[in-house]
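Let me begin by presenting the structure, written as structure tokens, before commenting on it.
Read the numbers this way: they start at 1 and go in the same order the structure lists the ligands and their atoms.
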Amino acid sequence: MMRNNDNPITLDLFADETTTTPGQVERIGEQSLVLRGFALPWLDRLLPALEAVLQAAPFRQMVTPGGFTMSVALSSCGALGWTTDRSGYRYTAHDPQTGRPWPDMPAVFRELAQAAARQAQFEHFEPDSCLINRYVPGARMSLHQDKNERQLTAPIVSMSLGLPAMFQFGGFERSDKSQRIPLFHGDIVVWGGVDRLRYHGVLPLKAGEHPRLGAQRINLTFRTAG
Ligand code: SIN
Ligand code: FE2
């Protein structure tokens, strides 16, 4: 991918529009796929639903057990929401900031996540949690495994919106070499089965302006947590 550092904003936009081929499917593991542009036809329904969820449960920056404030801001919807604070990582039924239950998962979220999971042969995905991550330029997510979910038989379905990001998809040890996969607006990654516990992360977001979402990337990650 060509990037001109003198003008990253224009070129990130350019990349967003020209390097994904909607409908293309890339296998990145035995039971892991990137579905290019899979969410695009759903966005007119999905974005207003996302806005309503974020009204009820606004983004906030959480603190890790180690005392670091995450650069990514989080929210959640569904029966369970993922949270972190000084006492650890966990799923909760209530938003710790408002004391209210997390907003319901909109039907369009669940339908899209299930449709994506089916593409990767996960037929009966019933997500009860959608973690919503907001990256501004510079925000990143270091390599980690998703392992706070009670049962690991369900896949992870992860949707990208807004600015492009470089996703890292690694092995089963933090030190394993990871693949670098650029993710664009509308792309969905599904990983599960033998790949369920692979380390993954996101490199620092590059500056840019997305025509629909502005200077941010929003990632929706669906899980069966309970
Ligand atoms: C996550 O692992 O929770 C987020 C992955 C991403 O932002 O693509
Ligand atoms: Fe994750």
### Proximal heteroatom of D146 relative to the Fe ion (ligand 2) (N/O/S)
OD1

### Message
Please report the interatomic distance CG(L183) to CG(L161), rounded to the nearest 0.5 Å.
### Response
11.0 Å

### Task
Answer yes or no: does an N/O atom from S160 fall short of 3.5 Å to an N/O atom of ligand 1?
no

## Note on the structure
In ligand 1, the atoms that come under 4.0 Å of a heavy atom of N133 are 1 (C), 3 (O), 4 (C)

### Task
Check H185 against L213 and note the closest heavy-atom contact, atom names and distance.
CE1-CD1, 3.5 Å

### Task
With heavy atoms of R217 as the reference, note each atom of ligand 1 found under 4.0 Å away.
6 (C), 7 (O), 8 (O)

## Note on the structure
Taking every heavy atom of V108 against every heavy atom of R45, the minimum-distance pair comes out as CB-NH2, 3.6 Å

### Query
Strictly under 4.0 Å, does any heavy atom of R223 approach an atom of ligand 1?
yes

## Note on the structure
If you scan protein heavy atoms around atom 7 (O) of ligand 1, the nearest is Y135 OH, 2.5 Å

### Message
Is a donor from one side chain sitting under 3.5 angstrom from an acceptor on the other, for S76 and D95?
### Response
no

### Shortest protein contact, atom 1 (C) of ligand 1 (heavy atom only)
M141 SD, 3.5 Å

### Task
Rounded to the nearest 0.5 Å, what's the gap from CD on E149 to OH on Y91? Could you check?
3.5 Å

### Task
For ligand 1, find out whether one of its N or O atoms is nearer than 3.5 Å to an N or O atom of H200.
yes

### ILVMFWY network linking V25 to V190, side-chain heavy atoms under 4.5 angstrom
yes

### Message
Are L143 and M141 connected into the same hydrophobic cluster when the rule is that any two of I, L, V, M, F, W, Y join if their side-chain heavy atoms are below 4.5 Å apart?
### Response
no

### Query
If the Fe ion (ligand 2) is the vertex, what is the angle to NE2 of H200 and NE2 of H144, rounded to 10 degrees?
90°

